[in-house]
Peer 1: 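Here it is, the structure in full.
These values consider heavy atoms only, across backbone and side chains, with no hydrogens, waters or symmetry-generated copies. Both counts, for ligands and for their atoms, begin at 1 and track the order of listing.
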Amino acid sequence: MVEAEVPDARVGLRAYAIEEGAVPLTVPTRNSLGGWPFLAEDQEWPKCFCGERMALFFQLDIPSDVEPFGGDHLAVFHCRMHNDYADPPLTEGRLADRYWEAPQMPGPSPFWKVLVQRQATLPAAEREPSVCALPLSLRPFEDVPDAKGLGSQICKVGGAPSWAQYPELYRCACGADLVYLCQVKENWEFAVYPGAPEQPYSWGGTYNLFLGNEVYLLACPDHCDPAAVWPVNQN
Ligand SMILES: [Zn+2]
Ligand SMILES: [Zn+2]
């Protein structure tokens, strides 16, 4: 007699669901949509090549058990005027030197900036003017990959990416293989204040990241630069 096969108990990966709060923020808060970006000393609010200050979409402190980034601060900026997808600049099988400043359609440098850094201690004096300042919370959960190894398809830190198309991995210019850190769900609509200028390719009263693609943030485990992060776009 042959017993029915019992599927392996799949091991969940520690992850944190990113959840939006509803009560507007009135003071700088480290985990936020919009709000006051926490930056390192001497670091300026990122500007796009078009001259506009980029919008702060969200920021959060990475929980200590999301290695190798635990204790870092993640901040995601993206130009309001320029909304496109990210196209990886590759040379010799890895991302080009200083890829976070490399030419990117339609400009001479990227229209986004993603920072992962330990020293983000100071909130900017001004609040992000367009994206509504709301609290973010991180709810721990076990991200159990499915039979294909894909994690849950939500906004989250850690766990396993849910790759809408196929696994897409990159080597940093410094030689380290980038490590998946955070996933942004497809068509995440960020509420903006009444009167905020419109964003191309967005829905009324909201902004989106990278045309609303699902985004997987891959970051350099060696922290060779605060901006050594690649935003993979898929849909
Ligand atoms: Zn721009
Ligand atoms: Zn690196």
Peer 1: Between Asn31 and Leu138 (side chain of the first, backbone of the second, donor and acceptor by atom type, cut-off under 3.5 Å), is there such a pair?
Peer 2: no

Peer 1: Stepwise, does the side-chain hydrogen bond (donor to acceptor under 3.5 Å, both in side chains) test hold for Gln43 with Gln117?
Peer 2: CA-CA 11 Å; Gln43 200 171 43; Gln117 55 188 345; 2.8 Å; yes

Peer 1: Indicate whether any N or O donor in one side chain lies under 3.5 Å from an N or O acceptor in the other, for Asn208 and Ser202.
Peer 2: no

Peer 1: Return all protein N, O or S atoms below 2.8 Å from the Zn ion (ligand 2), chain by chain in residue order.
Peer 2: Cys172 SG, Cys174 SG, Cys220 SG, Cys224 SG

Peer 1: For the pair Phe190 and Phe57, name the ring-plane relationship: parallel under 30°, tilted 30 to 60°, perpendicular over 60°.
Peer 2: perpendicular

Peer 1: For the Zn ion (ligand 1), find the closest N/O/S atom belonging to His82 and write down its atom name.
Peer 2: ND1

Peer 1: For the residue pair Val179 and Pro68, what are the closest heavy atoms and their distance?
Peer 2: CG1-CD, 4.2 Å

Peer 1: Gln104 side chain to Ser109 main-chain N or O, any donor-acceptor pair under 3.5 Å?
Peer 2: no

Peer 1: Using the test side chain to side chain contact (heavy atoms under 4.5 Å, CB included), find all partners of Glu67 that sit at least two apart in sequence or belong to another chain.
Peer 2: none

Peer 1: What do you get for the angle at the Zn ion (ligand 1) between SG on Cys50 and SG on Cys79, to the nearest 10 degrees?
Peer 2: 110°

